[in-house]
Amino acid sequence: MNRQFEKILVTAALPYANGKIHLGHLAGAYLPADLYVRYQRLIKRDVLFICGSDEHGVPITITAEQEKTTPQAVVDRYHELNKKAFEQFGMSFDNYSRTSLPLHHETAKEFFLKLFNAGILKEKKEKQLYDNKADMFLPDRYVEGTCPVCSNPDARGDQCEKCGTFLNPIELKNPRSKITGETPSVKETTHLYFPLGDYQKKLEEYISAADKRDGWKENVLQYCRSWFKEGLQDRAVTRDLQWGVKVPLSSFDRKVLYVWFDAVLGYISSTKEISNLKKKPDMWKEYWLNPSTKYVAFIGKDNVVFHCIVFPAMLMAWNEQGGDQYILPENVPANEFLNFEGQKFSKSRGWGIDVDEFLAEFPADDLRYTLTMNLPESRDADFYWKDFQARVNNELADIFGNFVNRTVTFVHKNFDGKVPEQNKLRAEDEQIIFLAKRCAVNAGEFFEKYKFRDATLEVMNLTRAANKYFNDNEPWKTIKSDPERCSTTLNVCLHLVNWLAILFEPVLPFTSEKIWKLLFHTNVPNDAGWVSVGKFLLQSGNPINQPEILFNKIEDETINKFISQLPNQQNPALKPMTFKPTVSIEDFQKLDFRIAEVLQAEKVSKSEKLLKLKVKIGSDERQVIAGIALHYKPEDLVGKKIVVIANLAPAKLMGQESRGMLLAASDEEGHLAVLIPEKIVLDGGIVK
RNA sequence: GGCGGAGUAGCUCAGUAGGUUAGAGCAACGGAAUCAUAAUCCGUGUGUCGGGGGUUCGACUCCCUCCUCCGCUACCA
């Protein structure tokens with residue numbers, strides 16, 4: 001069933017260097033990966049933990065343009081910020097690389113060339129519109145023009161909304177770029193495609209076999225099934241862009257590898273980098289090319305298709321050519337998403353909190369524990385400030401912190417700060433020792449199965465049992481009545497502290513170190529390892545340090561401050577405003593805005609958002625389709641005076657003709673407010 | 001509208017080869033203790049397992065249907 005692997009290779013999704021990481025990222029991929037790796041190190045497995053920044057792709061170039069800087073400057077900034085945030089959070093990567101390094105470019109090119117030379121990649125020629133001013137090929141939706149079928153002047157590049165015809169952007173008459181407004185020219189471009197469909201059967205077999213061996217998560221299998229059900233399609237490997245890994249073919253200059261292709265290879269180049277840094281240039285092969293290495297890829301659910309389907313298919317394609325044989329992920333334990341106070345993290349709405357901001361206020365272990373106990377392992381979960389406070393105060397501080405504190409304080413008050421003698425063990429002593437050993441076994445099994453919440457709960461329950469042991473043995477009484485017994489009790493308690501430091505190390509590495517220093521005057525808990533749980537490592541008579549408070553409680557005031565800072569109507573999140581390109585007054589005057597009275601309104605059948613309105617504009621009556629059904633009931637609008645664009649080209653929506661468009665304001669969350677004149681005006685009136 | 005996911009205790013969540021009285025943590029209530037960051041430990045749940053129907057000796061678990069929520073998508077303001 002569970003093969004015995006010599007080595008373990010762990011990767012965590014490469015964060016995109018176009019923004020800061022937030023708590024959702026941690027809960028989705030990074031924390032679980034770190035927990036797994038730290039546990040594996042404690043049981044002395046040979047494990048290598050790889051990550052790095054994903055630094056290519058269009059969004060980064062757009063950020064660079066907006067900030068009037070270069071893509072390199074953008075990725076430099078976020079690479080450093082995220083690397084630092086990860087360190088502060090206690091991520092124990094063996095290497096944190098970046099895909100803009102030459103080493104990565106070489107690796108990606110090598111991979112690409114192998115597939116290309118083997119004839120795996122399919123070449124497809126296509127004509128695309130090219131924006132000379134922006135110096136780029138335009139994606140379908142970035143083009144507008146006149147529909148060749150119905151002459152609608154505002155047809156989109158992919159489809160005319162008036163007549164419903166599916167279009168190729170080059171068929172448009174009078175096309176214009178949505179980016180610069182310029183008239184694009186037609187250029188032929190050639191792209192290479194990876195034939196994912198050819199690998200579908202092998203991929204299904206691979207996933208099914210790996211699932212049988214290592215037990216894949218149900219949600220991950222679900223995502224894969226739905227992809228297989230739809231059938232895998234060819235996927236473009238190349239792209240017309242400047243920023244990225246240049247395609248190493250003379251006929252493909254000015255093109256780069258599509259970011260999905262190069263990003264996953266970043267794991268390999270990051271491993272190569274650490275090999276070079278360690279002066280063991282072939283070390284990476286002991287992991288990637290070694291069939292007795294277990295490869296586990298930690299990701300968030302948005303990445304399932306890349307790690308369960310695309311990346312394995314790429315590796316299969318490589319392996320088919322003979323030579324070096326790469327291993328495939330043995331498991332891809334993707335988590336669902338962590339929401340924040342009941343809503344999705346959203347940068348644009350200012351909803352959520354970034355890791356660096358959080359850690360400026362609270363210790364990393366507080367956050368690690370709270371997130372671990374609330375990981376979205378099988379479905380979306382939520383981060384609540386109140387829950388965070390409760391977990392830190394009631395569990396970390398009261399149960400764990402207090403146990404350490406009461407034990408160490410007692411030893412200092414009654415045993416001169418030296419490890420008390422262990423005398424004859426009684427049944428109750430053996431019992432708690434047994435519980436500790438069993439806890440190590442149970443928690444260990446949970447770690448192996450990627451069930452980190454259960455593993456940590458197990459350890460917290462042992463901590464409860466430790467408190468009970470202290471209570472039941474009443475050392476504050478036996479110190480007078482039976483000092484020998486008291487000595488044994490405290491000896492056991494100190495060892496419990498020691499074992500808890502080991503058991504909690506994956507979750508609370510910083511605290512674990514503090515405890516180790518307290519007991520042994522060094523700070524390397526890993527040396528003892530998981531097997532030391534249940535063993536008596538403390539020498540009687542050895543001095544221990546004075547206790548320090550391990551977990552400070554979080555006051556209501558502190559938490560309320562953060563809660564009140566959440567964006568809302570009174571407290572909107574400000575983000576830099578960006579506007580569309582300037583237009584002339586003549587352009588504006590082409591638009592004919594009019595006051596209209598709503599005579600009738602009804603829902604468009606089979607549509608969620610559309611309302612069919614009959615409106616009166618002076619002597620004119622017409623039908624207008626408006627996408628406001630989620631926010632207005634038909635009866636709310638009847639009789640209201642609204643603003644419409646009267647000379648907009650007619651369009652057909654869900655089979656209904658719409659002549660004109662009503663004006664409504666919307667906010668970031670998509671709430672709509674129909675514009676209504678502030679004073680009574682006659683319908684037909686001009687709006688300017 | 002289409003596809004997918006979810007709906008279990010006041011809160012956050014576990015719970016699939018269908019099987020004994022449906023679980024954990026927190027909160028709440030009662031009690032014990034006083035070494036400790038007033039911290040600890042023990043005890044306490046009449047939960048329509050979203051509603052309804054079906055299969056079965058037996059359904060939280062399988063099938064059908066309906067309701068609600070979330071995501072993607074379509075329609076787009």
Sub-4.0 Å heavy-atom contacts from residues 479-500 of chain A onto RNA chain B, ordered by number: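 Within this stretch, nothing sits under 4.0 Å of the strand.
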Atom [atom1], compared across [N] and [M]: separation rounded to whole Å:
{"N": "B/C60", "M": "B/U16", "atom1": "C1'", "value": "11 Å"}
{"N": "B/U48", "M": "B/A9", "atom1": "P", "value": "7 Å"}
{"N": "B/C69", "M": "B/A28", "atom1": "C1'", "value": "28 Å"}
{"N": "B/G58", "M": "B/A33", "atom1": "C1'", "value": "47 Å"}
{"N": "B/G50", "M": "B/C41", "atom1": "P", "value": "33 Å"}
{"N": "B/G54", "M": "B/C13", "atom1": "C1'", "value": "31 Å"}

According to a strict under-4.0 Å criterion, is [X] in side-chain N/O contact with OP1 or OP2 of [N]?
{"X": "A/Lys553", "N": "B/A39", "value": "yes"}
{"X": "A/Gln222", "N": "B/G5", "value": "yes"}
{"X": "A/Thr407", "N": "B/A36", "value": "no"}

Base, sugar-phosphate, or nothing for [X], non-hydrogen atoms under 4.0 angstrom?
{"X": "A/Phe403", "result": "nothing"}
{"X": "A/Asn339", "result": "nothing"}
{"X": "A/Tyr223", "result": "nothing"}
{"X": "A/Lys468", "result": "sugar-phosphate"}

For atom CZ of A/Arg406 and atom C1' of B/C41, their distance in whole Å: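 Going from CZ in A/Arg406 over to C1' in B/C41 covers 8 Å.
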Whole angstrom value for the distance that separates C1' of B/U40 from CE of A/Met460: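 Value for this atom pair: 13 Å.
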Given [options], the nucleotide with the shortest approach to the side chain of [X]:
{"X": "A/Lys413", "options": "B/A36, B/U16, B/A39", "result": "B/A36"}
{"X": "A/Arg453", "options": "B/U40, B/C13, B/U16", "result": "B/C13"}
{"X": "A/Leu662", "options": "B/A77, B/U37, B/C35", "result": "B/A77"}

Please name the nucleotide paired to [N] by Watson-Crick or G-U wobble geometry with both distances under 3.5 Å, or report none.
{"N": "B/G45", "result": "none"}
{"N": "B/U40", "result": "B/A32"}
{"N": "B/G1", "result": "B/U73"}
{"N": "B/G7", "result": "B/C67"}

Pair A/Lys301 + A/Glu336, salt bridge at N-O below 4.0 Å: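 Here A/Lys301 pairs with A/Glu336 in a salt bridge, since their nearest N and O are under 4.0 Å apart.
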Parallel, tilted or perpendicular: ring planes of A/Trp385 versus A/Phe340, cut at 30 and 60 degrees: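 Rings of A/Trp385 and A/Phe340: perpendicular, over 60°.
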Heavy atoms of other groups near A/Trp227 CH2, more than 12 under 6.0 Å: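 12 or below, so no.
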A/Asn552 vs A/Asp380, nearer the 5' end of RNA chain B by closest nucleotide: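 Residue closer to the 5' terminus by nearest nucleotide: A/Asp380.
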Partner of A/Asp398 by salt bridge (charged side-chain N to carboxylate O under 4.0 Å, His left out), out of A/Arg464, A/Lys553, A/Arg391, A/Arg406: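 Single pass found, and it is A/Lys553.
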Letter per nucleotide, 5' to 3', of nucleotides 22-33 of chain B [B base touched, S only sugar-phosphate touched, - untouched; heavy atoms, 4.0 Å]: --SSSS-----S
